[in-house]
Amino acid sequence: MNNYSDIEKRWQNYWDKIKLFEPDLKNSEHKYYCLMMFPYPSAALHIGHMRNYTLGDTLARYKIMQGFNLFTPMGWDAFGLPAENAAIKDGIHPAESTAKNIATMKKQLREWGVGYAWSKEINSSSPEYYKWTQWLFLQLYKKGLAYRKKAKVNFCPSCQTVLANEQVIEGKCERCSTAVVQKELEQWFLKITAYAERLLEDLNTLTKWPEKVKTMQKNWIGRSEGAEVKFKIKNAKLAMQNEEFIKVFTTRPDTLFGCTYLALSTEHPIIEKLKSKIENRKEIEKYIKETKRQSISTRDILGKEKSGVEIKGVKAINPVNNQKIPIWVVDYVLMEYGTGAIMAVPAHDQRDFEFAKKYNLPIRQVIKAPSPKPQAPSPKRAYEGEGALINSEKYNGLSSQEAKEKITADLQKKGLAEKKVLYRLRDWLISRQRYWGTPIPIIYCPKCGTLPLPGKDLPVVLPRDVQFKPGGESPLKRKSNFIQTTCPKCGSLARREADTMDTFIDSSWYYLRYLSPQDKKDAFNSSLVNRWLPVNQYIGGVEHAIMHLLYARFINKFLYDCEFVNFNEPFTSLFTQGMVIKDGLKMSKSKGNVVYPDTLIEKYGADAVRLYILFIAPPGKDVEWNSEGVAGMWRFLKKVERIGLRVEGGGKRKEREQKIEKNLQREIHKTIKKVTEDMERFHFNTAISSIMELVNYLSRFPFPVSRFPLETIILLLAPFAPHFCEEIWQNVLKNKGSVFKHPWPRYESRFIQPEKALIIVQVNGKLRAKIEVERDISEKELKELVLKEEQLKKWLTKPIKKIVVVPNQIVNIVI
RNA sequence: GCCGGGAUGGCGGAAUUGGUAGACGCCUGGGACUUAAAAUCCCAUGUCCUUUAUGGGCGUGUCGGUUCGAGUCCGACUCCCGGCACCA
């Protein structure tokens with residue numbers, strides 16, 4: 001083969017013609033829904049993308065050969081920030097650039113031999129799709145799961161625009177370097193917290209998800225059991241009747257006696273309330289102003305060194321011992337989590353410990369670590385484990401567990417504490433002050449208030465004809481014929497919501513739409529969806545482990561509760577692929593380290609590149625890209641091709657199989673077994689290497705050989721190198737029909753078992769000899785054989801203490 | 001800062017359950033074939049020592065532990081990567 005492009009195109013057209021990837025959706029028997037996370041249509045796809053899609057395609061082709069009724073659709077997560085930025089910068093309409101990118105990507109996917117059920121293609125930015133994203137929002141609204149509240153955004157005063165966290169670089173606007181400020185806006189939220197417990201609990205049912213993803217989700221939801229404790233505020237001027245409290249949440253009420261100060265978030269409302277009593281008001285106000293976060297991102301807030309200022313003139317009363325303790329305003333307590341205030345226990349919390357050291361606050365040990373690891377709070381660390389209470393008056397000697405119960409119960413009697421379960425998970429802020437997204441179907445009427453758009457009026461169409469200003473303010477806001485509308489209830493002049501939705505909503509339900517992308521009546525066809533879902537295999541980047549996968553699970557559960565779907569979790573099995581790294585960084589256009597596969601494909605063919613990309617590492621791991629090895633895969637395919645030219649004649653496959661030489665027979669069946677097992681666990685790299693071993697074995701074999709070994713190799717290789725294998729299968733081996741319509745080969749165990757066993761003989765765990773013996777001989781016989789071995793004599797210089805025998809494998813002599 | 005993951009030759013990696021570390025491929029060196037080149041084939045290729053036949057020591061990020069036996073399990077640490085709620 002020398003003209004790859006022609007041969008590859010021919011087979012790509014052939015697969016179209018035989019509808020290899022077009023499923024029969026009416027028949028869901030033996031179904032296999034293989035789903036790749038749909039991509040954002042960025043410019044051209046690079047090697048990193050190619051890795052993801054060949055991985056999915058290889059699995060899909062393997063499943064076809066196994067006889068599954070495969071459904072593997074593809075679509076476009078087409079709304080989002082980059083297209084809008086490009087529009088602002090270059091004046092090209094997002095719809096235009098998106099369409100162009102999609103065309104490029106489809107062409108590339110095709111050239112790679114990556115097949116999809118293109119008749120089911122979806123695009124989240126088309127009105128046919130986002131109409132139903134809006135419908136979904138209305139369902140959530142109807143059930144009280146969508147609500148409005150104030151929330152902060154990054155705002156660039158110079159560009160007059162809201163910035164994404166990504167656009168804030170060290171507190172400054174990425175476009176104009178102006179210091180970013182925070183702005184409070186009324187925004188829409190989805191009540192994902194109402195599902196916190198179920199999202200957590202049902203992780204247990206996801207047995208085919210990677211543990212690491214489940215752990216990350218679990219920690220993200222962050223369920224903690226503890227108590228909310230009230231600290232009274234003392235001030236000379238504060239009368240008893242209008243007592244103020246500061247509430248804190250703690251998982252460690254057992255350490256209450258070690259609490260030596262309270263720490264408040266800079267946004268805690270009590271500061272404003274106590275204003276008149278604070279002696280160092282100026283100082284506090286100055287501190288709050290200075291530390292006013294320049295970014296709303298947690299990593300910026302918690303990533304820097306902690307600081308704080310003591311509030312003078314007021315003290316808090318520790319409810320367990322009535323001790324007066326200072327109150328500090330600090331920058332390491334988030335208003336969003338818990339009560340916005342914490343009780344600080346420097347002896348038993350590392351952050352508090354460091355803070356106390358810095359500002360010379362008292363550190364009081366109240367928990368004694370259980371021996372044998374006596375761990376007093378050393379000069380360097382807090383002891384964060386549990387243990388026995390000390391310095392805690394009547395609770396001394398109790399275990400942490402007992403003390404938690406008892407102290408909480410005692411405080412509860414006095415109305416000073418309450419048992420609580422707290423989640424770290426926050427509600428999902430979905431409002432975006434941007435153009436290129438799904439409009440939120442809400443109308444604000446001066447008389448009737450906030451109203452959902454009636455379903456019959458959907459979709460709220462995103463106006464095409466808008467102006468993108470260099471400043472970057474959302475063009476929807478200025479589009480008066482979009483904003484102005486009439487109230488669906490009273491008919492008076494009303495205003496549309498100008499914000500659009502987070503694109504994560506688009507991607508939280510798309511897997512349902514694929515079954516009926518042209519449906520005009522419903523978002524999805526429940527009866528089809530219930531037969532074809534949950535998705536058998538979901539494949540995507542590990543960077544989506546938390547947000548996208550949690551949002552999709554949440555929306556699915558919501559739809560389940562509404563009885564639109566009858567499955568509780570959308571994705572049965574999840575595979576997270578690794579990233580392609582170049583020069584130590586994730587390959588991405590913004591980092592300027594992308595490698596495009598096109599020239600490699602031109603030189604070596606798509607199959608060699610596919611093979612190489614799957615060969616260099618297991619698909620779950622990150623891999624550093626180096627184009628040099630592609631040639632090796634090309635050589636490998638050439639070698640297979642040469643064997644193809646030297647096989648002999650016809651006969652029935654079964655007969656050919658019988659005639660084969662015994663050792664070759666064993667190698668073939670061993671390889672089938674190995675490749676099949678590797679396919680199941682996504683170890684495509686070792687699957688390929690064992691096919692290579694068989695090819696090496698065969699190429700050293702006296703020729704001609706019968707067709708059976710080569711046919712097997714072609715079948716095993718077909719999912720990886722589809723064009724090449726189809727060509728050999730049909731045009732060299734002269735088989736009728738597609739190689740993918742031929743069943744995946746099966747192995748027979750009886751051919752695999754070797755007669756002899758190779759025994760590794762060790763002395764004190766070090767390899768000293770290898771001997772071949774009959775399989776399954778008794779331990780006694782084996783020991784005798786081993787001890788007779790000449791080459792061992794020189795090692796057995798001391799008396800033998802013990803002999804460890806692992807049958808058919810290893811003998812370790814301990815001297 | 002917090003959560004999750006990773007580290008094995010010159011390079012990508014293999015070793016699936018604690019049992020021969022380095023499969024397979026790349027790079028590099030040597031040889032065969034050839035008028036020559038390409039292609040192909042063969043050999044070598046962790047490292048050090050003794051050199052020559054055998055061999056032996058060391059070696060899976062660092063330090064320590066468990067075990068007859070550790071890349072794999074446990075503890076502490078270092079560095080790198082992903083995520084941290086408006087990139088998707």
Side-chain angles (χ1 to χ4, degrees), chain A residues 37 39-40 42 77 79-82 85 153-154 162-168 210-213 215-220 222 296-306 332 336 350-351 354 424-434 502-504 507 541-548 550-551 576 578-579 581 584-586 588 590 612 615-618 621-626 628-633 635-636 638-639 642 677-678 681 683 685-686 688-693 696 699-700 758-767 770 791 801-804 806 809-810 812-815:
Chain A
M37 288 182 185
Y40 178 80
S42 52
D77 190 11
F79 274 138
L81 188 62
N85 282 344
V153 292
N154 300 308
V162 171
L163 299 176
N165 284 342
E166 197 192 46
Q167 298 173 296
V168 182
E211 278 310 313
K212 62 172 175 187
V213 174
T215 309
M216 281 190 264
Q217 291 215 350
K218 190 179 156 215
N219 293 338
W220 183 261
I296 55 170
S297 153
T298 13
R299 58 176 166 261
D300 294 338
I301 300 160
L302 300 176
K304 55 183 185 191
E305 201 192 312
K306 299 170 257 298
Y332 71 98
E336 292 84 7
Q350 189 57 22
R351 279 177 311 174
E354 280 160 22
R424 210 187 68 101
L425 183 70
R426 305 203 297 260
D427 275 341
W428 178 8
L429 195 170
I430 59 154
S431 294
R432 297 291 180 269
Q433 294 69 42
R434 296 190 208 294
D502 180 4
T503 54
F504 273 124
S507 58
V542 69
E543 66 272 23
H544 296 293
I546 296 173
M547 308 193 67
H548 161 61
L550 196 65
Y551 292 146
T576 56
M579 284 171 309
I581 308 289
L585 294 166
K586 173 182 175 172
S588 85
S590 58
Y612 180 63
F615 176 73
I616 47 173
K621 273 180 79 175
D622 291 351
V623 66
E624 170 79 31
W625 180 257
N626 175 358
E628 274 189 352
V630 181
M633 299 299 120
R635 282 196 282 270
F636 164 67
K638 283 279 166 198
K639 200 185 240 184
R642 277 197 303 277
E677 284 168 0
D678 282 348
R681 60 182 187 128
H683 280 218
N685 56 330
T686 48
I688 294 167
S689 74
S690 53
I691 301 172
M692 283 174 170
E693 283 178 275
N696 289 343
S699 67
R700 292 189 193 106
L758 183 70
I759 304 293
I760 301 304
V761 186
Q762 300 177 326
V763 178
N764 284 352
K766 284 201 194 295
L767 172 72
K770 296 175 191 180
Q791 33 176 335
K801 266 200 222 159
K802 182 175 164 188
I803 301 180
V804 183
V806 184
Q809 225 184 84
I810 218 160
N812 189 11
I813 305 165
V814 188
I815 60 168

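Note that these values count all heavy atoms, side chains included, but never hydrogens, waters or copies made by symmetry. A quick note: this is a predicted structure, and the numbers were derived from the prediction, not measured. Chain letters run A, B, ... following the sequence lines, proteins first and then strands; every chain starts at 1.
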J.: Given the C1' atoms of B/rC11 and B/rG22, what is the spacing between them in whole Å?
T.: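 Pairwise C1' distance, B/rC11 against B/rG22, rounds to 13 Å.
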J.: Would you indicate what A/H548 reaches in the nucleic acid, counting non-hydrogen atoms under 4.0 angstrom: base, sugar-phosphate, or nothing?
T.: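 No contact.
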J.: For a quick check of understanding: with a heavy-atom distance under 4.0 Å over all strands, which category does A/V168 fall into, base, sugar-phosphate or nothing?
T.: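 The residue A/V168 makes no contact with any strand.
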J.: What is the separation between atom CE on A/M216 and atom C1' on B/rA85, rounded to the nearest whole Å?
T.: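 Roughly 15 Å, once rounded to whole Å.
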J.: What interatomic distance, in whole Å, is found between C1' of B/rG13 and the corresponding atom of B/rG71?
T.: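 13 Å, rounded to whole Å.
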J.: Answer whether the closest heavy-atom distance between the side chains of A/N219 and A/R424 falls below 4.5 Å.
T.: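 The answer is no, as the side chains (C-beta and beyond) never meet within the 4.5 Å cut-off.
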J.: For A/L81, answer base if it contacts any base atom (sugar-phosphate contacts may also be present), sugar-phosphate if it contacts only those atoms, and nothing otherwise; contact means non-hydrogen atoms under 4.0 Å.
T.: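 Result for A/L81 = sugar-phosphate.
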J.: Which nucleotide in the set B/rC86, B/rG1, B/rA88 lies at the smallest distance from any side-chain heavy atom of A/A164?
T.: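 Given the options B/rC86, B/rG1, B/rA88, the side chain of A/A164 is closest to B/rC86.
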J.: Name the nucleic acid region contacted by A/F504, choosing base, sugar-phosphate or nothing; use a 4.0 angstrom heavy-atom cut-off, strictly under.
T.: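 A/F504: base contact, heavy atoms under 4.0 Å.
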J.: Closest nucleotide of RNA chain B for A/G80 versus for A/T686: which of these residues is on the 5' side?
T.: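 Result of the comparison: A/T686.
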J.: With a 4.0 Å cut-off on heavy atoms, is A/D77 in touch with a base, just the backbone sugar-phosphate, or nothing at all?
T.: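 Sugar-phosphate, no base atom in range.
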J.: Between C1' on B/rG69 and CG on A/L767, what's the gap in Å once rounded to a whole number?
T.: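 One finds 12 Å between C1' of B/rG69 and CG of A/L767, rounded.
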J.: Between B/rU66 and B/rU51, how far apart are the C1' atoms? Round to whole Å, please.
T.: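 39 Å, rounded to whole Å.
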J.: I want to check one thing: is the phosphate of B/rC42, taken as OP1 and OP2, less than 4.0 Å away from some side-chain N or O of A/R700?
T.: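 Affirmative; the distance criterion is met.
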J.: Tell me the closest heavy-atom pair linking A/D622 and A/M579, and the distance in Å.
T.: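 Closest heavy-atom pair between A/D622 and A/M579: OD1-N, 2.8 Å.
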J.: How far, in whole Å, is B/rC26 from B/rA44 if one measures between their P atoms?
T.: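 The same atom, P, in both gives a distance of 16 Å.
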J.: Which nucleotide in the list B/rC86, B/rC3, B/rA85 gets nearest to the side chain of A/V162?
T.: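 Of all the options, the side chain of A/V162 is nearest to B/rC86.
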J.: So, does A/N165 use its side chain to make a donor-acceptor pair with the main chain of A/I296 at under 3.5 Å?
T.: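 Not a single qualifying donor-acceptor pair exists.
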J.: Under 4.0 Å, heavy atoms only, any strand: does A/L758 hit a base, just the sugar-phosphate, or nothing?
T.: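 Answer is base: heavy atoms of A/L758 come under 4.0 Å of a base.
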J.: Could you work out, with side-chain contact (heavy atoms from CB on, under 4.5 Å) as the rule, every residue matching A/Y40, not counting sequence neighbours?
T.: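 Partners of A/Y40 under the side-chain contact (heavy atoms from CB on, under 4.5 Å) test: A/S42, A/P82, A/A83.
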J.: Quiz question: going by heavy-atom distance under 3.5 Å, is there a donor-acceptor pair between the base of B/rC3 and the side chain of A/N219?
T.: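 Side chain to base: no pair present.
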J.: Select base, sugar-phosphate, or nothing to describe what A/K306 touches, counting heavy atoms under 4.0 Å on all strands.
T.: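 The residue A/K306 makes no contact with any strand.
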J.: Taking only side-chain nitrogens and oxygens of A/R642, does any of them come within less than 4.0 Å of OP1 or OP2 of B/rC41?
T.: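 Affirmative; the distance criterion is met.
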J.: Return yes if the base of B/rC68 and the side-chain atoms of A/Q762 contain a donor-acceptor N/O pair under 3.5 Å, otherwise no.
T.: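 In this structure, the two groups form no donor-acceptor pair.
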J.: How many Å lie between CG on A/L163 and P on B/rC86, as a whole number?
T.: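 These atoms are roughly 14 Å apart.
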J.: Select one nucleotide: of B/rC86, B/rG13, B/rG19, the one nearest the side-chain heavy atoms of A/A617.
T.: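 So the nucleotide nearest the side chain must be B/rG13.
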J.: Quick check on B/rG9: syn or anti? Syn means the glycosidic torsion is within 90 degrees of zero.
T.: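 B/rG9: syn glycosidic orientation.
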J.: Please pick, from B/rA7, B/rG19, B/rA85, the nucleotide with the shortest atom-to-atom distance to any side-chain atom of A/W220.
T.: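 Selected nucleotide: B/rA85.
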J.: What interatomic distance, in whole Å, is found between C1' of B/rG19 and the corresponding atom of B/rC73?
T.: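 It works out to 14 Å between them.
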J.: Counting a pair only when it is Watson-Crick or G-U and both distances are under 3.5 Å, which runs of at least 3 such pairs involve RNA chain B?
T.: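 Stem segments, range with range: B:1-7 with B:78-84, B:10-12 with B:24-26, B:28-32 with B:40-44, B:46-49 with B:55-58, B:61-65 with B:73-77.
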J.: Under 4.0 Å from OP1 or OP2 of B/rG5: is there any side-chain N or O of A/K212 that close?
T.: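 For B/rG5, neither OP1 nor OP2 has a side-chain N or O of A/K212 closer than 4.0 Å.
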J.: From the options B/rA88, B/rG1, B/rC3, select the nucleotide whose nearest atom is closest to the side chain of A/R299.
T.: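 Selected nucleotide: B/rG1.
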J.: Where the side chain of A/I760 is defined as all heavy atoms beyond and including C-beta, which of B/rU16, B/rU20, B/rG13 is the nearest nucleotide?
T.: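 It is B/rU20.
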J.: Whether A/R432 contacts B/rC86 is assessed here as follows: a side-chain N or O lying under 4.0 Å from the phosphate OP1 or OP2. Is that the case?
T.: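 Yes, within the criterion.
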J.: Pairs under 3.5 angstrom, nitrogen or oxygen only, protein versus nucleotides 25-31 of chain B, please.
T.:
from, atom 1, to, atom 2, distance (Å)
B/rG25, OP1, A/N696, ND2, 3.1
B/rC26, OP1, A/R635, NE, 3.2
B/rC26, OP1, A/R635, NH2, 2.8
B/rC27, OP2, A/R635, NH2, 3.3

J.: What is the nucleic acid contact for A/V623, judged by heavy atoms within less than 4.0 Å: base, sugar-phosphate only, or nothing?
T.: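 A/V623: backbone/sugar contact only, no base atoms under 4.0 Å.
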J.: In whole angstrom, what separates A/E624's CD from B/rG82's P?
T.: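 Atom-to-atom, A/E624 to B/rG82, this comes out as 13 Å.
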J.: Can you give me the closest heavy-atom contact between A/T503 and A/D77, atom names plus distance?
T.: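 Looking at all heavy atoms of both residues, the shortest contact is O-OD1, 4.2 Å.
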J.: Just checking A/S297: base, sugar-phosphate only, or nothing, at a heavy-atom cut-off of under 4.0 Å?
T.: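 Result for A/S297 = sugar-phosphate.
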J.: For B/rG82 and A/K621 - does any side-chain N or O of the residue sit under 4.0 Å from the phosphate oxygens OP1/OP2?
T.: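 For B/rG82, OP1/OP2 do not have a side-chain N/O of A/K621 under 4.0 Å.
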J.: Would you measure the distance from the P atom in B/rU45 across to the matching atom in B/rG25 and give it in whole Å?
T.: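 Pairwise P distance, B/rU45 against B/rG25, rounds to 15 Å.
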J.: Take the protein atom NZ of A/K770 and the nucleotide atom C1' of B/rA21, then report the distance between them rounded to whole Å.
T.: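 Computing the A/K770:NZ to B/rA21:C1' distance gives 11 Å.
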J.: Counting the atoms with a prime plus P, OP1 and OP2 as sugar-phosphate, which does A/I813 contact under 4.0 Å by heavy atoms, base, sugar-phosphate, or nothing?
T.: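 If one applies the 4.0 Å heavy-atom cut-off, A/I813 turns out to touch nothing in the nucleic acid.
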J.: The side chain of A/D502 lies closest to which of these nucleotides: B/rG12, B/rA14, B/rC86?
T.: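 The listed nucleotide nearest to A/D502's side chain is B/rC86.
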J.: What distance, rounded to whole Å, do you find between the two P atoms, one in B/rC80 and one in B/rU8?
T.: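 Their P atoms lie roughly 15 Å apart.
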J.: Tell me the interatomic distance from A/E336, atom CD, to B/rC86, atom P, rounded to whole angstroms.
T.: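 Roughly 11 Å, once rounded to whole Å.
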J.: If you look at every strand shown and take non-hydrogen atoms under 4.0 Å, does A/I616 touch a base, only sugar-phosphate, or nothing?
T.: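 It contacts sugar-phosphate atoms only.
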J.: Compare the minimum distances between each of B/rC68, B/rA7, B/rG1 and the side chain of A/V814, then state the nucleotide with the smallest one.
T.: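 Per side-chain heavy atoms of A/V814, the pick is B/rC68.
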J.: Within this structure, what is the CD-to-C1' distance between A/E305 and B/rC2, rounded to whole angstrom?
T.: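 Rounded to the whole Å, the gap is 17 Å.
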J.: Under 4.0 Å, heavy atoms only, any strand: does A/P618 hit a base, just the sugar-phosphate, or nothing?
T.: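 Sugar-phosphate contact only.
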J.: List the atom of A/Q433, the atom of A/V153, and the distance in Å for their closest heavy-atom pair.
T.: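 Answer, listing the atom of A/Q433 first, then A/V153: OE1-CG1, 3.9 Å.
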J.: To the nearest Å, how far apart are A/N764 CG and B/rG19 C1'?
T.: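 About 15 Å, once rounded to whole Å.
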J.: Compare every heavy atom of A/N626 with every heavy atom of A/Y612, then report the nearest pair and how far apart it is.
T.: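 Closest pair (atom of A/Y612, atom of A/N626, distance): OH-O, 2.8 Å.
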J.: Would you mind reporting whether A/R681 and A/D678 have side-chain heavy atoms less than 4.5 Å apart?
T.: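 Counting from C-beta outward, A/D678 and A/R681 do come under 4.5 Å.
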J.: What's the closest nucleotide to the side chain of A/N812 if the choices are B/rG69, B/rG82, B/rA15?
T.: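 Among B/rG69, B/rG82, B/rA15, the one nearest the side chain of A/N812 is B/rG69.
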J.: For A/S689 and for A/N165, locate the closest nucleotide of RNA chain B by heavy-atom distance; then report the residue assigned to the nucleotide nearer the 5' terminus.
T.: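 Taking each residue's closest nucleotide, the earlier one in sequence belongs to A/S689.
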J.: What are the two closest heavy atoms between A/R434 and A/L163, and how far apart are they?
T.: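 The pair with the smallest heavy-atom distance is NH2-C, 4.2 Å.
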J.: Over all strands shown, is A/M579 touching base, sugar-phosphate only, or nothing at heavy-atom distances under 4.0 angstrom?
T.: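 Here A/M579 touches the backbone only, sparing every base.
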J.: Tell me which nucleotide among B/rU20, B/rC86, B/rC3 gets nearest to the side chain of A/V153.
T.: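 Taking heavy atoms from C-beta onward, the closest nucleotide is B/rC86.
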